[in-house]
Visitor: 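For reference, the structure I am asking about is given below.
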Amino acid sequence: MQASATPNAHPQLEAAVSHLADLIAYDTTSAYSNLELIHHMEEFFARLGAEVKVLPHESGEKANLVARLGPADVAGIVLSGHTDVVPANPKNWQSAPFKLEQRGSRLFGRGTCDMKGFAACVMAAAPAFASGDLQRPFYFCFSHDEEVGCLGAPAIARYLAELKVPPALAIIGEPSEMKLINGQKGKIAMRVTVRGEGGHSSFSPQHVNAVEYASRIITMIAERSRRYEQDGPFDHDFTVPHATTLTTMIEGGVATNVTPDTCSFIFELRSIDQEAAATDIQALISDIEAALLPEMQRQSADAAIEWQQLFAYPAMGDATNSDMFKKLEPFLPERGGKVSYGSEGGVFEIDGGIPSVIIGPGSIRQAHKPDEFIETDQLNQCLAFFDKLSAWMKFCVQ
């Protein structure tokens, strides 16, 4: 790869691309273990003299990493990323998804922008961070299972909160095109299972068709989303300025001539109001059950609608009034508003008491797609930002 030949390339760009190639080569799809990647990063940061802590998951198949450079007795800054990626079907890719390939100014591979590009920049910049006396510490935090519900980050947030001097700000490296994001929606993911009564489809009027009732529930969920769009509440700093509901997966039925007795689907609520989210879900459940359950149970007493929360993560609030943000503000990137995608920022804020912002290389529009890529200029910008951050951390007045 000719990353170093890129016009106006940052001196650490070649190292960042090399680290990115190493990270992409680990298939850390959320369904698989991330331990090999975690051990790779553990060894790297330990060689730099960092204090490294691995936080294993109880399954033994996953782990988080926390590494600190700099003094432990003053408040520092978190640089946070997740190690897992969404699945990649090689049939849909022009190149192997877990082998970095450069085409022009673009670097292709699963996780390049979401979000191993940020991790690669952290690793490329870390030797410079370690080369001088830091007046405040960096905490490098890398989690498991963000893509399936921010499952690893709470353990990191709790670990940091229990330190004698916790960090004062977290920078989440989700792809933001290196703009500063000061708000992120929360999310609740629900599984709904409709229990009906099946039988031969020629007797369908005598049955409770689980698929049909599921479709009616899905319609009510979609109607709720339209009401959010029309009536709010609104926050126009968000890319989508209101809450949304969306059905994302569905499964039901066994044959073309059998009335289906079971149908299951998953839907989400993305909220701008942290406190209203759980209340809104409960109100939606109550409305659906009041409208449909009596009708279902008149046909079959055993008919039911079952609700299961799969996961939830909190919204990330506005950290711009925090003390550390105000100290860093003179060299932070331009504001990019608030985003509708999820991050671990809300977890750091709620579980760890650490104000958080999002600043990371790459575009969210490239995430979760075949032929995911990141522009080398985005890595350049990230590395240049780290230069400013490192200089302040070495010479700041405590």
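Count residues from 1 along the sequence.
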Visitor: Report yes if some heavy atom in the side chain of L284 is under 4.5 Å from a heavy atom in the side chain of L269; otherwise report no.
Guide: no
Visitor: Can you tell me how far the CG atom of L20 sits from the SG atom of C121, to the nearest 0.5 Å?
Guide: 8.0 Å
Visitor: Provide the closest heavy-atom pair for S356 versus G345 in the form atom of the first, atom of the second, distance.
Guide: OG-O, 3.4 Å
Visitor: Examine L55 and V78 and state if one hydrophobic cluster contains both, with Ile, Leu, Val, Met, Phe, Trp and Tyr joined whenever side-chain heavy atoms are less than 4.5 Å apart.
Guide: yes
Visitor: Would you say E329 has more than 12 foreign heavy atoms packed within less than 6.0 Å of its CD?
Guide: yes
Visitor: Between the main-chain N or O of V148 and the side-chain N or O of E146, is there a donor-acceptor pair closer than 3.5 Å?
Guide: no
Visitor: Given V339 and I364, is the side-chain contact (heavy atoms from CB on, under 4.5 Å) satisfied, shown in steps?
Guide: CA-CA 10 Å; V339 294; I364 194 64; over 6 Å; no
Visitor: Supply the atom-to-atom distance I217 CD1 to C263 SG, rounded to the nearest 0.5 angstrom.
Guide: 8.5 Å
Visitor: Within the 4.5 Å heavy-atom criterion, are D371 and R103 side-chain neighbours or not?
Guide: yes
Visitor: Do N380 side-chain atoms and H10 backbone N/O form a donor-acceptor pair below 3.5 Å?
Guide: yes
Visitor: Kindly say whether P205 contributes a backbone atom to a donor-acceptor pair with the side chain of Q299 at under 3.5 angstrom?
Guide: yes
Visitor: Do K116 and T28 have a side chain donor and acceptor closer than 3.5 Å?
Guide: yes
Visitor: What are the two closest heavy atoms between G360 and Q378, and how far apart are they?
Guide: O-OE1, 4.4 Å
Visitor: If you measure only the distance, is there a donor-acceptor pair under 3.5 Å linking the side chains of S30 and E147?
Guide: no
Visitor: Counting neighbours of CG on D323 that are heavy atoms of other residues, nucleotides or ligands and sit closer than 6.0 Å, is the number greater than 12?
Guide: no
Visitor: Does the side chain of N182 pick up a donor-acceptor pair with the side chain of T320 at under 3.5 Å?
Guide: no
Visitor: Minimum heavy-atom separation for W93 and E372, please, with both atom names.
Guide: CH2-N, 3.4 Å
Visitor: Could you measure the distance from the CD atom of E306 to the CZ atom of R195? Nearest 0.5 Å is fine.
Guide: 4.0 Å
Visitor: Look at the rings of H19 and F44 and say which category their plane angle falls in: under 30° parallel, 30 to 60° tilted, over 60° perpendicular.
Guide: perpendicular
Visitor: Hey, is the main chain of A15 close enough, under 3.5 Å, to the side chain of S18 for a donor-acceptor pair?
Guide: no
Visitor: Could you pull out the closest heavy-atom pair between P241 and I272, with the gap in Å?
Guide: O-CD1, 4.0 Å
Visitor: Does E36, at its CD atom, have more than 12 non-hydrogen atoms belonging to other residues, nucleotides or ligands within less than 6.0 Å?
Guide: no
Visitor: Do you see a donor-acceptor pair shorter than 3.5 Å between the side chains of E42 and H39?
Guide: yes
Visitor: Is there a side-chain contact between I171 and F385 in this structure, where contact means two heavy atoms from C-beta onward sitting under 4.5 Å apart?
Guide: yes
Visitor: Taking the side chain as every heavy atom from C-beta outward, state whether L246 and R270 have any atom pair closer than 4.5 Å.
Guide: no
Visitor: Minimum heavy-atom separation for I288 to I221, with atom names?
Guide: CD1-CG1, 4.3 Å
Visitor: Using modelled atom types and a 3.5 Å cut-off, is there a donor and acceptor pairing between side-chain atoms of K99 and backbone atoms of S95?
Guide: no
Visitor: Tell me whether T219 contacts the main-chain N or O of S215 through its side chain, where contact means a donor paired with an acceptor under 3.5 Å.
Guide: yes
Visitor: So F267 and W307, would you call those rings parallel, tilted or perpendicular, with 30° and 60° as cut-offs?
Guide: perpendicular
Visitor: Tell me if the CG atom of N89 is crowded by more than 12 foreign heavy atoms within 6.0 Å.
Guide: yes
Visitor: Would E174 and S343 satisfy side-chain hydrogen bond (donor to acceptor under 3.5 Å, both in side chains), going step by step from the backbone distance to the final call?
Guide: CA-CA 7 Å; E174 289 282 356; S343 86; 5.7 Å; no
Visitor: Kindly indicate whether the side chain of Y341, heavy atoms from C-beta on, has any atom under 4.5 Å from the side chain of I358.
Guide: yes
Visitor: Side chains of T239 and S340 only: does a donor on one sit below 3.5 Å from an acceptor on the other?
Guide: yes
Visitor: Mind checking the CE-CG spacing from M220 to L292? Nearest 0.5 Å is all I need.
Guide: 6.0 Å
Visitor: Are the side chain of R110 and the backbone of V86 linked by a donor-acceptor contact shorter than 3.5 Å?
Guide: yes
Visitor: Under 3.5 Å, is there a donor on one side chain and an acceptor on the other for D231 and H242?
Guide: no
Visitor: Give a yes or no on this: more than 12 heavy atoms of other residues, nucleotides or ligands lie within 6.0 Å of atom NZ of K394.
Guide: yes
Visitor: Between the side chain of T245 and the main-chain N/O of S225, is any donor-acceptor distance below 3.5 Å?
Guide: yes
Visitor: Students often mix this up, so state it plainly: with edges at 30° and 60°, are the rings of F129 and F386 parallel, tilted or perpendicular?
Guide: perpendicular
Visitor: Taking NZ, NE, NH1 and NH2 as the nitrogens, is one of them in E295 or R216 under 4.0 Å from a carboxylate oxygen of the other?
Guide: yes
Visitor: Do any N or O atoms from the side chain of E177 and from the backbone of S363 form a donor-acceptor pair under 3.5 angstrom?
Guide: no
Visitor: Give, for atom CD of Q297 and atom CD1 of I305, the distance between the pair rounded to the nearest 0.5 Å.
Guide: 8.5 Å
Visitor: Any chance you could measure I38, atom CD1, to T83, atom OG1, to the nearest 0.5 Å?
Guide: 5.0 Å
Visitor: Got L100 and V17 here, is their nearest side-chain heavy-atom distance under 4.5 Å?
Guide: yes
Visitor: Hey, does S201 have a side-chain heavy atom less than 4.5 Å from the side chain of V258?
Guide: no
Visitor: Looking only at side-chain N and O atoms, does D27 offer a donor or acceptor that is under 3.5 Å from a partner on T29?
Guide: yes
Visitor: Looking at every non-hydrogen atom in both residues, tell me the closest pair between F118 and S80 and how far apart they are.
Guide: CE2-O, 3.4 Å
Visitor: Can you check side-chain hydrogen bond (donor to acceptor under 3.5 Å, both in side chains) on S264 and E251, steps first, answer last?
Guide: CA-CA 5 Å; S264 178; E251 181 179 6; over 6 Å; no
Visitor: Distance only, no hydrogens: is a donor on one side chain within 3.5 Å (strictly under) of an acceptor on the other, for Y159 and N64?
Guide: no
Visitor: I'd like to check H40 versus L23 (side-chain heavy atoms, cut-off strictly below 4.5 Å). Are they in contact?
Guide: yes
Visitor: Can you run down the ring-ring contact (aromatic ring centres under 6.0 Å, His included) pairs that involve residues 46-66, sequence neighbours left out, and say none if there aren't any?
Guide: H57-H144
Visitor: Is it true that a side-chain atom of R136 and a backbone atom of A75 form a donor plus acceptor pair closer than 3.5 Å?
Guide: yes
